[in-house]
Structure formats: C-alpha cells, structure tokens
K.L.:
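Below are the structure tokens for one structure; questions will follow.
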Amino acid sequence: FSDEFAINAYMDSSVDIDNKIAAQEHQEILSALESAGVEIIKVRPPVDCQDGVYTANWGLVHNNKVVLSNLPNKRKNEEPYAKKILQDLGFETIECPYRFSGQGDALQCGGYLFIGTDYRTDLNAHNFVRQHLGFETISVQTIPYVDKDGNPKLNEVTGWPDSFFYDLDLAIAVLSPDLIAWCPEAFVPESQARIRNLNVEKIKVSYEEATKGFACNLVSTGSTVIMSANAPELKKKLENRGFKVVTPTITELAKGGGYIRCSTLTLG
C-alpha cells in the first residue's frame, strides 16, 4: 500500500503514508468484520502494487462467477493476481474487455445492481455484467472533479476522467436488500432522479460526510454496520434504526482514496 502514483482525486503523492498505522487500521477492520460474524478469507498482498489492499476492485462475484476488473494503468499488476486467487477459490472467472472497477463500482441491492459509469467503469461494461451475471442494472453517474473554471478534469496519471466519487461505493452504501444510504449531491441530476424513483428505502448522507468522512464506504451485515468514525450524522441515523455500529479509526488508508468497503471483496 502506498500513494506513489495519485490515481484518484483524494490522493496526493507528496503526503507521507505511515504503513505501520495503515496495517493496524487494516487489522482493526478485520477484527470488526470477524466480530460481526463475517467469514474472512485472507490472502497475501500482490507484490509491488500500491493499491493491492483495496480488494473490492478485483471483480464482481455472483453465483460462483466473477467478472474480473479492468483497472487503471498503475493497478494492472493486480489483475492476474486477483484472477489466480479467485480461480483457486473455485470461482469461474470472466475477463471484461471494458474498463470496469469491480465491486467498488457495482453494488448489489436485492435484485438490483447499482453500477457507476464514466470514471472507472465504461458504459459497455454494464451490458457485459448484466449478460454474464444476470443482474437488473441501475446505471448511474456521479459528479465529476472539476478545475477552477468548472471543467471536468482528467487524472494526470491514468488519463481517465476523475471524481471524488470515482467509485460508486463512495456515494452509495447498501445496508440491506431494501435499504441504502446515499449522498444525493454526489450524483448528476438524471441519476439522482433514477435512484429516487426506485422502490428502495433511502437514508440521506451529507456531502461533507461522504467526502470528508468516507461515510458511504462501509460494510453492512444487515444488522451490524462497520463504518467511518468520522460520520456522526449517519452513525446516529443507523443506530436509530436498530443497527449495531462499529467505527474503526481510519487515517492512512484514506490517503489512498479508499476506506472500509474498499478493503473487502464480498464473495457470496
């Protein structure tokens, strides 16, 4: 784990990362998941991969199949490693010919699959995922990262469009098959309307907590939520609904533009 190459809007390669603290944070997330009853499969990190800790981006798993991710230039070495790991676990792997960010940008909610577009996932990947995994896809787009003149910015390292919601798991959290938390301000108007019209209950997350607190980047078992310690408004809303909320302290992992959800890949 490092931020050698700033491949998303949160990263700053001039800011130092304390890898000892990052490892402690990762262990705290692991302990919280295990305490919530989640079965964990631990794998060794891929060699010389700055973002190898963010396993959510390795693919999208459903019914013993995995559509593998097609990642940015500085994450390409993760792809063959992820493929081997998932094949060794018994999954049928399917390579996606289009830009695709795996579970980071594709979130299952009951029979729906929320899937992002433009930044880390190409629109063509939506049809590909639907054909191979059978989801009803809900295509949405988050707002771009813009320059001082309001023009969308390309990331200087990847050459791809960028956003503070470059992956969808920074803007939406699935809490149960019929309940999501989401930040409406994270989405372009058409996508806001599409989500509002869905027959899914919604909890609003503020823009500040979504961007500064990584509020949506959480893991929910349906009864326990492991989430940011820097999103008190969302935490209170979840506790009021009866969720048990666990809040690991994360500082270093956030410097890579990832958080709790990013460090996990749901396999079933």
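Every heavy atom of this structure was used, including side-chain atoms; hydrogens, water molecules and symmetry mates were not.
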K.L.:
Could you tell me whether a side-chain N or O of Asn73 sits under 3.5 Å from a main-chain N or O of Val157, the two making a donor and an acceptor?
P.N.:
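The answer is yes, because a donor-acceptor pair under 3.5 Å joins these two groups.
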K.L.:
Going from NZ on Lys236 to CG on Leu238, what distance comes out if it is rounded to the nearest 0.5 angstrom?
P.N.:
12.5 Å
K.L.:
Measuring from Ile41:CD1 to Ile85:CD1, what's the distance to the nearest 0.5 Å?
P.N.:
10.0 Å
K.L.:
Consider only side-chain N and O atoms of Lys76 and Asn70, and report whether a donor and an acceptor are under 3.5 Å apart.
P.N.:
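There is such a pair between these side chains.
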K.L.:
Hydrophobic clustering (ILVMFWY, side-chain heavy atoms < 4.5 Å, transitive) - are Leu175 and Val245 grouped together?
P.N.:
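Shared cluster, yes.
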K.L.:
Does Cys262 form a side-chain contact (heavy atoms from CB on, under 4.5 Å) with Phe214? I'd like the steps, not just the answer.
P.N.:
CA-CA 11 Å; Cys262 294; Phe214 287 81; over 6 Å; no
K.L.:
Check whether Tyr98 and Leu133 end up in the same hydrophobic cluster, where Ile, Leu, Val, Met, Phe, Trp and Tyr are linked by side-chain heavy atoms less than 4.5 Å apart.
P.N.:
yes
K.L.:
Any donor-acceptor pair under 3.5 Å linking the side chain of Gln192 with the backbone of Pro184?
P.N.:
yes
K.L.:
Might you point out which heavy atoms bring Val140 and Ser191 nearest each other, and give the distance in Å?
P.N.:
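The pair with the smallest heavy-atom distance is CA-OG, 3.4 Å.
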K.L.:
Surrounding CD of Gln27 (heavy atoms of other residues, nucleotides or ligands, distance under 6.0 Å), is the total greater than 12?
P.N.:
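More than 12 within 6.0 Å, yes.
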K.L.:
Any side-chain heavy atom of Phe135 sitting closer than 4.5 Å to one from Ile115?
P.N.:
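Phe135 vs Ile115: side chains apart.
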K.L.:
Does Leu113 form a side-chain contact (heavy atoms from CB on, under 4.5 Å) with Leu60? I'd like the steps, not just the answer.
P.N.:
CA-CA 11 Å; Leu113 182 75; Leu60 177 64; 3.8 Å; yes
K.L.:
Of all heavy-atom pairs between Lys237 and Lys204, which one has the smallest distance, and what is that distance?
P.N.:
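Nearest pair, atom of Lys237 first, then Lys204: NZ-O, 2.8 Å.
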K.L.:
Would you sort out whether Tyr81 and Asn77 count as a side-chain contact (heavy atoms from CB on, under 4.5 Å), showing the intermediate values?
P.N.:
CA-CA 7 Å; Tyr81 181 82; Asn77 288 343; over 6 Å; no
K.L.:
Do Pro144 and Asp162 have side chains that get closer than 4.5 Å, going by heavy atoms?
P.N.:
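Not in contact.
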K.L.:
Kindly work out whether a path of hydrophobic side-chain contacts (I/L/V/M/F/W/Y, heavy atoms less than 4.5 Å apart) joins Tyr166 to Ile250.
P.N.:
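In one cluster with Tyr166: Ile250, yes.
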K.L.:
Taking atom CD1 of Ile40 and atom CG of Leu267, what is their separation to the nearest 0.5 Å?
P.N.:
9.5 Å
K.L.:
For the residue pair Phe187 and Trp182, establish whether any side-chain heavy-atom pair is separated by less than 4.5 Å.
P.N.:
yes
K.L.:
Under the side-chain contact (heavy atoms from CB on, under 4.5 Å) test against Phe114, which residue among Leu168, Asp169, Thr137, Asp105 passes?
P.N.:
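Answer to the side-chain contact (heavy atoms from CB on, under 4.5 Å) test with Phe114 among Leu168, Asp169, Thr137, Asp105: Leu168.
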K.L.:
Report yes or no: does Ser69 contribute a side-chain atom to a donor-acceptor pair with the main-chain N or O of Gly59 at less than 3.5 Å?
P.N.:
yes
K.L.:
Should Leu218 and Leu234 count as side-chain neighbours, where that means a heavy-atom distance under 4.5 Å?
P.N.:
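Heavy-atom side-chain distance check passes, below 4.5 Å.
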K.L.:
I need the Leu107 CG to Tyr112 OH distance, nearest 0.5 Å.
P.N.:
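That separation rounds to 15.0 Å.
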K.L.:
Might you point out which heavy atoms bring Ala36 and Ile226 nearest each other, and give the distance in Å?
P.N.:
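Closest pair (atom of Ala36, atom of Ile226, distance): CB-CD1, 4.1 Å.
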K.L.:
Can you tell me if Ser139 and His126 form a side-chain donor-acceptor pair at under 3.5 Å?
P.N.:
yes
K.L.:
Donor-acceptor pair, Thr55 side chain versus Ser263 backbone, under 3.5 Å?
P.N.:
yes
K.L.:
Is it true that the side chains of Arg261 and Ser220 contain a donor and an acceptor less than 3.5 Å apart?
P.N.:
no
K.L.:
Just wondering, are more than 12 heavy atoms of other shown residues or ligands nearer than 6.0 Å to CD in Glu239?
P.N.:
yes
K.L.:
Quick one: do Leu265 and Val174 end up in the same hydrophobic cluster if we chain Ile, Leu, Val, Met, Phe, Trp and Tyr together by side-chain heavy atoms under 4.5 Å apart?
P.N.:
no
K.L.:
Indicate yes or no for a side-chain donor-acceptor contact from Gln108 to the backbone of Gly110 under 3.5 Å, with no hydrogens or angles considered.
P.N.:
yes
K.L.:
Is there a donor-acceptor pair closer than 3.5 Å between any side-chain N or O of Asn63 and the backbone N or O of Lys65?
P.N.:
no
K.L.:
With side chains defined as the heavy atoms from C-beta onward, is the minimum distance between Tyr119 and Phe165 less than 4.5 Å?
P.N.:
no
K.L.:
Would you say that Val246 contacts Ser35 through its side chain, given a criterion of any heavy-atom pair below 4.5 Å between the two side chains?
P.N.:
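Result no, sub-4.5 Å side-chain heavy-atom pair not found.
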K.L.:
Which atom pair, heavy atoms only, marks the closest approach of Arg120 to Ile7?
P.N.:
NH2-O, 2.7 Å
K.L.:
Is a side-chain donor-acceptor pair under 3.5 Å present for Asn57 with Ser101?
P.N.:
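There is such a pair (donor and acceptor under 3.5 Å, judged by atom type) between the side chains of Ser101 and Asn57.
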K.L.:
So which of Ile203, Ile195, Val205 actually passes side-chain contact (heavy atoms from CB on, under 4.5 Å) with Ile180?
P.N.:
Ile195
K.L.:
Can you get from Phe128 to Leu68 by hopping between Ile, Leu, Val, Met, Phe, Trp and Tyr side chains that sit under 4.5 Å apart?
P.N.:
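No; Leu68 is not reachable from Phe128 via cluster members.
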K.L.:
Within the supplied structure, the quantity of interest is the number of heavy atoms (other residues, nucleotides, ligands) at a distance under 6.0 Å from Glu233 CD; does it exceed 12?
P.N.:
no
K.L.:
Please round to the nearest 0.5 Å and tell me the distance separating atom OG of Ser163 and atom CG of Asn155.
P.N.:
11.5 Å
K.L.:
Check for a donor-acceptor pair, side chain of Gln103 on one end and backbone N or O of Thr266 on the other, with a separation under 3.5 Å.
P.N.:
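Yes; judged by distance alone, with no hydrogens or angles, the pair exists.
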K.L.:
Do Leu71 and Tyr54 touch side chain to side chain, with heavy atoms closer than 4.5 Å?
P.N.:
no
K.L.:
Output yes when a side-chain donor or acceptor of Thr93 lies under 3.5 Å from a complementary backbone atom of Lys83, and no otherwise.
P.N.:
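It does not hold such a pair.
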K.L.:
Are any non-hydrogen side-chain atoms of Trp58 and Val43 less than 4.5 angstrom apart?
P.N.:
yes
K.L.:
With distance as the sole test, does Tyr259 use its side chain to make a donor-acceptor pair with the main-chain N or O of Met227 at under 3.5 Å?
P.N.:
no
K.L.:
List the atom of Val61, the atom of Phe91, and the distance in Å for their closest heavy-atom pair.
P.N.:
CG1-CE2, 3.5 Å
K.L.:
Apply side-chain contact (heavy atoms from CB on, under 4.5 Å) to residues Phe1 and His26 and explain how you reach the verdict.
P.N.:
CA-CA 11 Å; Phe1 172 58; His26 195 265; over 6 Å; no
K.L.:
How far apart are the closest heavy atoms of Glu25 and Glu252, and which atoms are they?
P.N.:
OE2-N, 2.9 Å
K.L.:
Asp147 side chain to Asp149 main-chain N or O, any donor-acceptor pair under 3.5 Å?
P.N.:
yes
K.L.:
Could you state the interatomic distance from OG (Ser228) to NZ (Lys235), rounded to the nearest 0.5 Å?
P.N.:
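Spacing of OG (Ser228) from NZ (Lys235) equals 11.0 Å.
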